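Remarks on the structure that follows.
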2 protein chains.
Amino acid sequence: MNHAALESGVPGSSIARTLDLIGDRWTLLVLRAVFRGRHRFTELQRDLGIARNLLTDRLHRLVDNGILERVPYQERPVRHEYRLTDMGRDLSPALIAFMQWGDRWCTDGPPPTVLVHDACGTPIEHTVRCPSCDDVLDPREIASRDNG
Amino acid sequence: MNHAALESGVPGSSIARTLDLIGDRWTLLVLRAVFRGRHRFTELQRDLGIARNLLTDRLHRLVDNGILERVPYQERPVRHEYRLTDMGRDLSPALIAFMQWGDRWCTDGPPPTVLVHDACGTPIEHTVRCPSCDDVLDPREIASRDNG
DNA sequence: CAGTATCCTCGAGGATACTG
DNA sequence: CAGTATCCTCGAGGATACTG
């Protein structure tokens, strides 16, 4: 998909722009690892089994796009680790939604990882609500409205 | 990323399995179009600007994986359209989460598309809750627990 | 440890002609 | 209309050697 196709075919799609940033084969996996507390290059590389040059590239892109930030954790020699920015942390609902979908539909056994409220240990719930009706919505009750 | 790398590097990741199904450059865009009411081959092809052989391939894979179903809408000649299954409809929270993230972080102007509760027209809200505490959770309050 | 620099392969994506 | 069949290109991903 080239950029022209994007412009003409899927104008103004937030999904398309989002895919441009994180829609490759590794970025979401890198982010998931950072969410789970892996912050250093070698940790990430070992955990994911990603090629080193690719990890370098993905981390740089994530930093350039404001999703991660590179912060020093020691001097002499200076070493950095990668932390989520607010923008990155805000990807959490999307990541969670994908995990839950995979848990529900792509496995036979119990979900390999369960997300819990750390204060009480209860598995979390992921909902779409109407703030005005105060109702949890079914996908069929959702419409899309174009601005423009 | 080959399959061996996936197995060894990211064992049991629901995200990895989900990406195997829908993690390419077009599938999510196709699904978004189906969610928005495009159900026929030519509608999808024109709207997305996707190459015809790619659209054929993506639709077949989505049908094979149980995300879409192919239902006839006329006979002589028989024609089909593509409809979401329950499995496909259940991707809605993930799609919505991505759109909202893109709306918030990848645009300057107003969001190009707003999702609304069709009964009352109010823009929807997307939350992670703890069903036991009945609280909306911040990403920092979420922990992940591995099942062995 | 945390990368950078090279080189290579293979397959995803695309253009286009053809068909019941 | 709704595809299938071919052929091609280019870039994502990967292996590996090197470095402050």
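Predicted model only: the values in this text are computed from it and were never measured. Note on naming: letters A, B, ... go to the chains in the order of the sequence lines (proteins, then strands), and numbering restarts at 1 for each one.
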- prompt: Side chain of D24(B), base of dG13(C): donor and acceptor closer than 3.5 Å?
  reply: no

task: Provide, to the nearest angstrom, the distance between the NE2 atom belonging to H39(A) and the P atom belonging to dC1(C).
output: 17 Å

message: In whole Å, I'd like the distance from the CG atom of L48(A) to the P atom of dA2(C).
response: 14 Å

- request: Rounded off to whole Å, could you give me the OH-to-P distance for the Y82(A) and dC1(C) pair?
  value: 14 Å

Nucleotide dT4(C), atom P - distance to NE2 of H80(A) in whole Å: 12 Å

task: Measure the spacing between OG1 of T56(B) and CD of Q45(B) and express it to the nearest 0.5 Å.
output: 9.0 Å

message: Between the opening five pairs and the closing five pairs of the helix from dC1(C)-dG20(D) to dG20(C)-dC1(D), how far apart are the helix axes, to 10°?
response: 50°

- request: Using only side-chain N and O atoms of T56(B), determine if any of them is under 4.0 Å from OP1 or OP2 of dG3(D).
  value: no

Acceptor/donor pairs from residues 134-142 of chain B side chains to any protein atom, 3.5 angstrom cut, sequence neighbours excluded:
unit_1, atom_1, unit_2, atom_2, d
D134(B), OD1, R129(B), NH2, 2.2
D138(B), OD2, R140(B), N, 3.0
E141(B), OE1, D138(B), N, 2.9

message: The test is ring-ring contact (aromatic ring centres under 6.0 Å, His included); show your working for F98(B) and F98(A) and say whether it passes.
response: CA-CA 10 Å; F98(B) 265 127; F98(A) 266 127; 5.3 Å; yes

- prompt: Does R52(B) get its side chain close enough to the base of dA2(D), under 3.5 Å, for a donor-acceptor pair?
  reply: yes

message: Below 4.0 angstrom, which residues in residues 57-70 of chain B have at least one non-hydrogen atom near DNA chain D?
response: H60(B), R70(B)

- prompt: Which of the following nucleotides, dA2(D), dG3(C), dG14(C), is nearest to the side chain of W26(B)?
  reply: dG14(C)

query: Where the side chain of W101(A) meets the backbone of M87(B), is there a donor-acceptor pair that is under 3.5 Å apart?
result: yes

message: Measuring from atom CZ of R25(B) to atom CG of D20(A), what distance do you get when rounded to the nearest 0.5 angstrom?
response: 5.0 Å

- request: Can you tell me the distance, in whole Å, between the CD atom of E43(B) and the P atom of dG3(D)?
  value: 12 Å

message: Using a distance-only criterion (donor-acceptor N/O pair, under 3.5 Å, no hydrogens), is the base of dG14(D) paired with the side chain of N53(A)?
response: yes

- prompt: Picking from dC1(C), dG3(D), dG14(C), which would you name as closest to the side chain of Y73(A)?
  reply: dC1(C)

query: Closest heavy-atom contact between I124(A) and I96(A)?
result: CD1-CG2, 3.8 Å

- request: Could you check which of dG13(D), dG3(C), dA2(C) has an atom nearest any side-chain atom of R25(A)?
  value: dG13(D)

task: Return the value, rounded to whole Å, for the distance between atom CG of L29(A) and atom C1' of dG14(D).
output: 16 Å

- prompt: Cationic tip of R38(A) within the cone over Y82(A)'s six-membered ring, i.e. under 6.0 Å and within 45° of the normal?
  reply: no

- request: Please report, rounded to the nearest Å, how far the P atom of dG13(C) is from the CD atom of Q45(B).
  value: 15 Å

message: Any salt bridge linking D24(A) with R58(A)? Criterion: basic side-chain nitrogen under 4.0 Å from a carboxylate oxygen.
response: yes

Pair R83(A) + E81(A): basic N to acidic O under 4.0 Å: yes

L54(A), nearest nucleotide to its side chain (from dG13(D), dG13(C), dG14(C)): dG13(D)

field: Rounded interatomic separation in angstrom, taking CZ from R38(A) and C1' from dC1(C)
entry: 17 Å

- line: One should read off an interatomic distance between L21(A) CG and R61(A) CZ, to the nearest 0.5 angstrom, of 7.5 Å

message: Given dA2(C), dG3(D), dC1(D), identify the nucleotide with an atom nearest to the side chain of R79(B).
response: dC1(D)

